[in-house]
Amino acid sequence: MNGKLYDCVIVGGGPAGLTAAIYIARYHLDVIVVEDGRSRAAMIPLSHNHAGFPDGIAGTELLARMRSQAAKYGVKFRLGHVETLVKTGESFLLSLSENDVLFAKSVLLATGVHNHRPIMSDSEHDSAVERGLLRYCPVCDAYEITGRRIGVIGTGDRGVNESVFLRSFTDDITLMSPAEGHDLSPEHRARLDAFGIKTISGPIAGYEYDDDSVIVTTVKGKISFNSVYAALGSDVRSELTEMLGAKRTEEGCVIVDRHQRTNIPGLYAAGDVVLGLDQISHAMGQASVAATAIRNDLFETSLVGAETYPSDLKRSTMSR
């Protein structure tokens with residue numbers, strides 16, 4: 001780079017990052033999106049609960065449409081991984097791989113989370129997800145497994161909570177621990193029993209697939225399910241905030257105010273990296289709030305010259 005100072009650098013090219021980019025560009029600000037191609041949205045075979053697409057839309061298609069829309073308004077894109085994020089005076093310096101750097105007046109983190117996967121090869125995993133045999137988000141797609149035989153890979157609070165959530169869609173659920181034994185308290189077992197949820201202690205030895213089912217090899221033999229849900233947790237991709245001292249929850253979610261501002265002036269966060277419902281619609285809503293806050297904060301602090309922008313761009317009502 002040539003030392004150009006962007007109004008905003010967005011880290012993350014998923015629904016949150018791309019929504020924010022569209023808004024920010026339409027506020028006549030200079031914005032670039034840095035993405036590493038790891039958006040979880042790209043894993044979605046077909047989303048049926050994203051409003052406006054009654055026949056569903058694949059995650060890759062949704063992202064492609066959003067990128068095209070952003071590019072229409074002049075958003076720039078950079079494929080890469082941000083290695084470091086530091087603040088120098090009133091601006092930020094982002095170091096990318098291959099000795100590349102970007103400078104920004106503001107930064108929006110939309111880096112999301114990374115799911116913990118069952119033990120299987122990448123090709124096996126991707127094929128199972130594509131076919132709906134392996135799933136991660138019951139909020140997204142439990143409707144599609146209504147009345148079917150479902151396995152849940154997990155244990156403890158996470159496994160129990162996901163199994164109980166799924167119980168309103170089907171009465172045939174088995175909670176399987178991925179490793180030896182089950183981390184279930186008496187309270188856990190009482191709750192599972194109350195909902196008629198079966199349990200099998202691990203370890204899970206492997207998976208096989210046929211046309212419409214996944215066969216899980218357990219200590220009790222091979223069991224066939226129409227789909228299995230992985231309730232193994234995730235890693236919040238918020239490590240960049242550690243370099244600036246931004247506040248995070250114990251789980252690593254970035255803490256923000258109602259305008260998606262962190263405790264570091266000029267640093268914002270939106271999407272799954274923030275505590276909340278991990279849904280595309282929720283991420284997009286947060287992104288529009290963050291983008292408008294970025295526009296307003298830059299304007300108010302005179303980091304962007306008011307004479308450069310149309311006179312009708314006044315401070316929005318969302319700041320009330």
Side-chain angles (χ1 to χ4, degrees), residues 6 8-27 29 31-82 94 96-97 102 107-115 117 122-123 125-132 134-141 144 230 234-238 240 254 260 268-274 276-291 294:
Y6 286 93
C8 184
V9 171
I10 297 174
V11 186
L18 294 173
T19 297
I22 292 167
Y23 272 74
I24 292 171
R26 285 174 54 83
Y27 286 140
L29 299 178
V31 56
I32 185 170
V33 175
V34 181
E35 58 180 327
D36 60 7
R38 295 170 60 194
S39 171
R40 286 199 302 171
M43 292 173 51
I44 301 172
L46 200 65
S47 175
H48 294 282
N49 65 352
H50 188 51
F53 298 95
D55 296 320
I57 184 169
T60 51
E61 182 181 353
L62 178 64
L63 293 174
R65 289 188 181 199
M66 295 180 75
R67 288 192 189 100
S68 176
Q69 186 174 350
K72 176 180 178 180
Y73 295 106
V75 175
K76 301 175 183 66
F77 293 90
R78 176 66 56 82
L79 184 63
H81 178 73
V82 177
L94 300 89
L96 284 66
S97 53
L102 295 172
V107 173
L108 172 63
L109 293 180
T111 42
V113 304
H114 176 70
N115 292 121
R117 299 179 172 188
D122 288 344
S123 59
H125 171 272
D126 294 348
S127 175
V129 170
E130 177 66 28
R131 296 168 61 190
L134 173 62
R135 301 172 183 264
Y136 284 93
C137 179
V139 175
C140 306
D141 56 24
E144 276 66 55
S234 57
D235 294 321
V236 184
R237 300 178 66 191
S238 62
L240 287 175
V254 182
Q260 307 302 129
Y268 307 77
D272 295 350
V273 75
V274 174
L277 186 65
D278 288 359
Q279 290 289 288
I280 291 173
S281 58
H282 190 61
M284 293 171 72
Q286 289 182 331
S288 65
V289 171
I294 289 167

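Throughout, numbering of the chain's residues begins at 1 and tracks the sequence.
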(Q) Holding to side-chain hydrogen bond (donor to acceptor under 3.5 Å, both in side chains), I want the full list of residues that pass it with Ser234, two or more places apart in sequence or in another chain. (A) none
**Q.** Closest heavy-atom pair and its distance - Cys140, Gln279
**A.** SG-NE2, 3.1 Å
Q: List the atom of Ser39, the atom of Pro15, and the distance in Å for their closest heavy-atom pair.
A: OG-CD, 4.0 Å
Q | Rounded distance (nearest 0.5 Å) linking atom CD1 of Ile22 with atom CE of Met66 | A | 5.0 Å
**Q.** Sequence-distant partners of Arg67, side-chain hydrogen bond (donor to acceptor under 3.5 Å, both in side chains), two or more places apart
**A.** Glu35
Q | Beyond-backbone contact of Glu144 with Leu46, side-chain heavy atoms, under 4.5 angstrom | A | no
(Q) Within the structure provided, determine whether Ile24 and Ile10 are in side-chain contact (heavy-atom separation under 4.5 Å). (A) yes
**Q.** Side-chain (Gln286) to main-chain (Gly271) donor-acceptor, under 3.5 angstrom
**A.** yes
**Q.** Heavy-atom pair of closest approach, residues Val139 and Asn49
**A.** O-ND2, 3.5 Å
Q: For Ser123, enumerate each residue passing the side-chain hydrogen bond (donor to acceptor under 3.5 Å, both in side chains) test, keeping only those at least two apart in sequence or located in another chain.
A: Ser121
Q) Roughly how far, to the nearest 0.5 Å, is CG of Leu240 from OG1 of Thr111? A) 6.5 Å
**Q.** Closest contact, heavy atoms only, Val33 versus Ala21
**A.** CG2-CB, 3.7 Å
Q. Salt bridge (charged side-chain N to carboxylate O under 4.0 Å, His left out): which pairs involve residues 39-54, sequence neighbours left out?
A. Arg40-Asp272, Arg40-Asp278
Q: Apply side-chain contact (heavy atoms from CB on, under 4.5 Å) to the pair Leu18 and Phe77, showing each step before the final yes or no.
A: CA-CA 10 Å; Leu18 294 173; Phe77 293 90; 3.6 Å; yes
(Q) So, using side chain to side chain contact (heavy atoms under 4.5 Å, CB included) as the criterion, who are the partners of Ala42 when residues are at least two apart? (A) Thr60, Leu63
(Q) Going by ring pair (Phe, Tyr, Trp, His ring centres under 6.0 Å), name the residues that satisfy it together with Phe53, two or more places apart in sequence or in a different chain. (A) His50
Q: Using the test side chain to side chain contact (heavy atoms under 4.5 Å, CB included), find all partners of Glu130 that sit at least two apart in sequence or belong to another chain.
A: Pro45
Q: Using the test salt bridge (charged side-chain N to carboxylate O under 4.0 Å, His left out), find all partners of Glu61 that sit at least two apart in sequence or belong to another chain.
A: Arg65
Q. How far apart are the closest heavy atoms of Ala20 and Ala287, and which atoms are they?
A. N-CB, 3.7 Å
Q. Would you say the side-chain atoms of Ser238 pair up with the backbone N or O of Val254, donor to acceptor, closer than 3.5 Å?
A. no
Q | Closest heavy-atom pair and its distance - Gln260, Ala270 | A | NE2-CA, 4.0 Å
Q) Which residues satisfy the salt bridge (charged side-chain N to carboxylate O under 4.0 Å, His left out) test with Asp55, sequence neighbours excluded? A) none
Q: Would you please name every residue forming a salt bridge (charged side-chain N to carboxylate O under 4.0 Å, His left out) with Lys72, sequence neighbours left out?
A: none
Q. Judged by atom type as modelled, is there a donor-acceptor pair below 3.5 Å linking the side chain of Thr19 to the main-chain atoms of Ala16?
A. no
Q) Would you say Leu94 and Val34 make side-chain contact, with heavy atoms under 4.5 Å? A) no
Q) Residues two or more places apart in sequence or in another chain: which of them pass salt bridge (charged side-chain N to carboxylate O under 4.0 Å, His left out) with Arg38? A) Asp36
(Q) Could you work out, with side chain to side chain contact (heavy atoms under 4.5 Å, CB included) as the rule, every residue matching His125, not counting sequence neighbours? (A) Met43, Arg117, Met120, Val129, Leu134, Tyr136
Q | Flag side-chain contact, heavy atom, 4.5 Å: Ile280 against Ile44 | A | yes
